[in-house]
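These notes concern the structure reproduced below.
No experiment lies behind these values; they were computed from the predicted model shown. The figures here come from the full heavy-atom set of this structure, side chains too, leaving out hydrogens, waters and symmetry mates.
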Amino acid sequence: MFKLISILLRGRAHDAEQAFADRHAVPLLAQQIRDAAQAIQSARRSVAVATAQNEQEKAQHQTILSRIADLETRACAALDKGNEGLAREAAEAIAFLEAERDASVAAQAQFTTSIGKLKGIVRSAEARLQELQRGERLARATEQAQKLDVVVAGPGLATLDEAEETLARLRLRQSQNELTAAALKDMESTTRPAGIIEKLANAGCGAPLTASADDVLARLKSRITPAA
């Protein structure tokens, strides 16, 4: 019984952990990407350090070769002078330097192999990181779009419908108000005496209520003629 309860508790803990990870998948992904980027940066530094050490090893190798060549020349000179003891000392130094030379060659080969592997690992990791970063941007955009879909498909859509109905009622009421105002104006013009007179004048019945340009011009001419 205790074993079953333990299994059940572990199962529920796993489900809760998975549910938590699913709810916070985007920020979790972002942090994992940042951690990976830092690890790649550390790997780049390791490649740079290994490359620098290899360059130092190459310089040291050239120094060893120069010393060996110099000692060989001097040892030959000592032999020419019959100083075999001094030539032996030079030979011992040359043997020591040749061992250093061989060790340097082995170190350079190891550095070259390690640097090549590290560069390959970094290149592969950088490509995977770029793909993850693109995926993160897409995931964020998708999450925002899904949130918008929920808002629009939920109460937001009902609000849009209500707003459209309100606008339709407002336009209808405004149209009715305009028609009512026009009808009232027409009714006032037909019931008031001034309105009837205006209608008659506009129809050419009787003198016009307002002077036309021809009337004004004739009046002005009549003022000028007597003065002449």
Side-chain angles (χ1 to χ4, degrees), residues 3 6-7 9-145:
K3 182 178 180 181
S6 176
I7 294 173
L9 291 175
R10 284 189 284 113
R12 288 183 175 178
H14 176 75
D15 291 342
E17 181 181 355
Q18 289 299 113
F20 180 83
D22 291 340
R23 286 195 303 272
H24 302 86
V26 173
L28 179 62
L29 175 62
Q31 184 57 47
Q32 289 171 335
I33 289 175
R34 285 192 291 269
D35 293 342
Q38 291 178 356
I40 291 174
Q41 186 62 31
S42 297
R44 289 196 194 102
R45 286 195 293 268
S46 298
V47 172
V49 170
T51 302
Q53 290 176 343
N54 192 32
E55 292 301 319
Q56 291 177 348
E57 190 63 41
K58 289 179 180 179
Q60 182 67 21
H61 181 257
Q62 291 299 321
T63 300
I64 292 172
L65 293 179
S66 297
R67 289 180 178 175
I68 290 174
D70 182 54
L71 282 171
E72 287 178 347
T73 301
R74 296 179 184 279
C76 289
L79 289 173
D80 287 341
K81 293 182 177 182
N83 194 343
E84 187 173 345
L86 189 57
R88 177 176 290 278
E89 291 182 11
E92 292 175 353
I94 290 172
F96 175 80
L97 287 175
E98 286 178 345
E100 290 290 319
R101 178 199 59 194
D102 295 341
S104 178
V105 170
Q108 289 179 59
Q110 185 176 0
F111 271 127
T112 301
T113 301
S114 299
I115 291 170
K117 289 181 179 179
L118 281 173
K119 285 183 176 180
I121 292 171
V122 170
R123 283 194 297 268
S124 176
E126 287 175 340
R128 293 171 63 187
L129 177 63
Q130 291 175 355
E131 184 64 26
L132 283 170
Q133 289 171 337
R134 286 192 292 269
E136 181 199 1
R137 291 194 294 270
L138 179 59
R140 287 187 180 277
T142 302
E143 186 179 49
Q144 293 299 322

| message | Arg34 and side chain to side chain donor-acceptor pair (under 3.5 Å): which single residue from Gln32, Gln38, Gln31 fits? | response | Gln31

| said: If I take atom CD1 from residue Ile64 and atom CD1 from residue Ile68, how far apart are they, to the nearest 0.5 angstrom? | reply: 7.0 Å

| remark: The reported gap from CD in Glu92 to CG in Leu71 (rounded to nearest 0.5 angstrom) is 11.5 Å

| message | Can you tell me if Glu55 has over 12 outside heavy atoms packed within less than 6.0 Å of its CD? | response | yes

| request: Could you tell me whether the side chain of Ser124 and the main chain of Gly120 form a donor-acceptor pair under 3.5 Å? | output: no

What pairs of donor and acceptor atoms, side-chain ones from residues 44-53 against any protein atom, are under 3.5 angstrom apart with sequence neighbours left out?
{"unit_1": "Arg44", "atom_1": "NE", "unit_2": "Glu126", "atom_2": "OE2", "d": "2.6"}
{"unit_1": "Arg44", "atom_1": "NH1", "unit_2": "Gln41", "atom_2": "OE1", "d": "2.7"}
{"unit_1": "Arg44", "atom_1": "NH2", "unit_2": "Glu126", "atom_2": "OE2", "d": "2.8"}
{"unit_1": "Arg45", "atom_1": "NH2", "unit_2": "Ser42", "atom_2": "OG", "d": "3.1"}
{"unit_1": "Ser46", "atom_1": "OG", "unit_2": "Ser42", "atom_2": "O", "d": "3.1"}
{"unit_1": "Thr51", "atom_1": "OG1", "unit_2": "Val47", "atom_2": "O", "d": "2.8"}

| field | Rounded distance (nearest 0.5 Å) linking atom CG of Leu79 with atom CZ of Arg88 | value | 10.0 Å

| request: Give, for atom CD1 of Ile33 and atom CG of Leu28, the distance between the pair rounded to the nearest 0.5 Å. | output: 10.0 Å

| field | CZ on Arg137 to CG on Leu132, rounded to 0.5 Å | value | 11.0 Å

| said: Assess whether a salt bridge exists between Glu136 and Arg140, defined as any Lys/Arg side-chain N lying under 4.0 Å from an Asp/Glu carboxylate O. | reply: yes

| Side chain proximity check, Gln130 to Arg134, heavy atoms < 4.5 angstrom | yes

| said: Which heavy atom of Gln108 sits nearest to which heavy atom of Asn54, and what is that distance? | reply: CA-OD1, 3.6 Å

| said: Can you tell me if Arg74 has over 12 outside heavy atoms packed within less than 6.0 Å of its CZ? | reply: no

| query | Can you tell me how far OG1 of Thr63 sits from NZ of Lys58, rounded to the nearest 0.5 angstrom? | reply | 14.0 Å

| field | Candidate pair Glu100 and Ser104, rule side chain to side chain contact (heavy atoms under 4.5 Å, CB included), full reasoning | value | CA-CA 6 Å; Glu100 290 290 319; Ser104 178; over 6 Å; no

| Donor-acceptor pair, Thr113 side chain versus Ala109 backbone, under 3.5 Å? | yes

| remark: Nearest heavy-atom approach of Leu129 to Ala36 is CD1-CB, 4.4 Å

